[in-house]
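Worksheet: the structure to be examined is printed underneath.
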Amino acid sequence: MWFKIANVAELKNSSFIYKKAGNTHVVIGKLGPKIFAFDSRCPHKGGPLQDGTIIGRRIKCPWHGYEYDIFTGKPTLIPYPPEYGNWRKTGNLIIYDVKVRSKIVFVNIQ
Amino acid sequence: MPKKDEQPEVVGRSIIEKAGINVDQLIDKLVRGVAAELTTYYYYTILRMHLTGLEGEGLKEIAEDARLEDRMHFELMTPRIYELGGRLPSDIRKFADMAACPDAYLPKNWEDPKSILEVLLKAEQCAIRVWTEVCNLTIGKDPRTYDLAQRIVQEEVEHEAWFLELLYGRPSGHFRRRFPGEGPHSKRFPE
């Protein structure tokens, strides 16, 4: 389902905002000409990515420092060594499709 | 007599859903939070055992204060998970892997008490982040979970302050506990 989430004017380059779409909390932002949107819960242990940091095209989680590509969702940095076993495992960031119509940004939440 | 497959209305849950909380996601955060508390209790047991020597002896009781209160945090919040319709995993290994904070392993250079203090400090700082997040989600929407989470945050902040004082000389602003397990904010049944 498509949700209206923001106006294009709200999105500044290399930064993001935190919005709700239905029951889902979304981080949405802009990097160059591209708009990105992902679920605000870190796929590692559910940390609040809206309090994270954008580094290039990666989001860094404030809880444990995991980094994910904001366009593909893939983890790019797992800062814990293998001795942490299953605790360090992570899935991918949940990425949402976006579209812009009449300067309004919509996000697709399945 | 209600039928076996009939789901009762749970006003305590529906009222916070109406306030805008995704209760299943909240339950997930709470389970991860209490998993962190219980695993911390376990690891602090090991860390406390290794606070040895003249320097370590004075630190043992401070570690014990934090250890027992972290277990009390597990006891305090776990019933709330069930109240909301959640549950703990039936396998403790899965539970431990869910913990919102990393395992507080004994450092390789444990003979230096500072290395143990640094592990303790990081564990408390992680707990502050986790429970503050729960407070932020529930404030004004779920007063019961908020109340429990803020009690935990208050004690975690005090734990952090002690370890910062010991490591960096930064005044904590308050005394330690009168006795281990005092839990001034989190004790369910005050004496």
Side-chain angles (χ1 to χ4, degrees), chain A residues 1 3-6 16-28 37-53 59-68 75 77-96 107-110, chain B residues 14 16-40 42-43 86 89 91-108 119 122-139 141 149 156:
Chain A
M1 189 185 289
F3 290 88
K4 174 186 165 184
I5 195 158
F16 56 85
I17 55 178
Y18 176 52
K19 293 274 191 174
K20 208 168 166 201
N23 236 2
T24 303
H25 293 270
V26 179
V27 171
I28 181 159
F38 51 81
D39 197 283
S40 67
R41 288 167 301 154
C42 179
H44 174 228
K45 297 296 177 211
L49 294 176
Q50 69 273 17
D51 297 335
T53 312
I59 180 76
K60 181 174 183 150
C61 179
W63 275 12
H64 308 114
Y66 279 55
E67 293 181 12
Y68 301 85
L77 176 68
I78 297 177
Y80 287 86
E83 71 194 63
Y84 285 86
N86 285 337
W87 183 86
R88 71 195 279 270
K89 282 187 182 165
T90 178
N92 290 346
L93 192 59
I94 298 173
I95 303 293
Y96 297 121
V107 65
N108 190 11
I109 309 289
Q110 298 290 340
Chain B
S14 59
I16 64 172
E17 280 174 328
K18 285 184 184 129
I21 288 194
N22 183 321
V23 177
D24 289 332
Q25 285 183 14
L26 175 61
I27 288 170
D28 181 72
K29 283 196 191 294
L30 296 184
V31 171
R32 291 183 186 281
V34 301
E37 297 292 344
L38 194 65
T39 54
T40 294
Y42 175 79
Y43 284 109
D91 183 338
I92 195 170
R93 288 164 195 82
K94 187 181 170 197
F95 184 52
D97 285 334
M98 288 180 74
C101 293
D103 296 320
Y105 288 131
L106 183 69
K108 287 186 171 46
V119 173
K122 286 204 167 24
E124 299 301 333
Q125 291 175 331
C126 179
I128 291 169
R129 291 187 198 104
V130 169
W131 293 114
T132 300
E133 161 76 357
V134 173
C135 287
N136 290 342
L137 282 174
T138 53
I139 189 168
K141 296 178 183 174
E156 303 292 16

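So you know, we letter chains A, B, ... as the sequences are listed, proteins then strands, and number each from 1. Every value quoted in this text rests on a predicted model; they were computed, and no experiment measured them.
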Legend entry - Rounded distance (nearest 0.5 Å) linking atom CG of A:D51 with atom CG of B:N136: 7.5 Å
Legend entry - Atom pair NE2 (A:H25) and CG (B:L137), whose distance is rounded to the nearest 0.5 Å: 6.5 Å
Inset, instruction - Output the distance between atom NZ (A:K89) and atom CG (B:D97), rounded to the nearest 0.5 Å. - result: 8.0 Å
Legend entry - Contact winner vs chain A - B:A36, B:G20, B:A100, B:A96, heavy-atom pairs under 4.5 Å: B:A100
Inset, instruction - Determine whether more than 12 heavy atoms belonging to other residues, nucleotides or ligands lie under 6.0 Å from atom CD1 of B:I92. - result: no
Legend entry - B:K94 atom NZ, neighbour heavy-atom count above 12 within 6.0 Å: no
Legend entry - Which atom of B:A99 lies closest to which atom of A:W87, heavy atoms considered: O-NE1, 2.7 Å
Inset, instruction - Sorted by first residue and then second, give each salt bridge (Lys or Arg N to Asp or Glu O under 4.0 Å) pair with at least one member in residues 125-137 of chain B; sequence neighbours left out. - result: B:K29-B:E133
Inset, instruction - Would you mind reporting whether A:K45 and B:C101 have side-chain heavy atoms less than 4.5 Å apart? - result: no
Inset, instruction - Please flag which part of B:E17 lies under 4.5 Å from any non-hydrogen atom of chain A: side chain, backbone, both or neither. - result: neither
Inset, instruction - Please answer whether the main-chain N or O of A:E83 pairs with a side-chain N or O of B:Y105 as donor and acceptor at a distance below 3.5 Å. - result: yes
Inset, instruction - Applying salt bridge (charged side-chain N to carboxylate O under 4.0 Å, His left out), name anything that partners A:R41, two or more places apart in sequence or on another chain. - result: A:D39
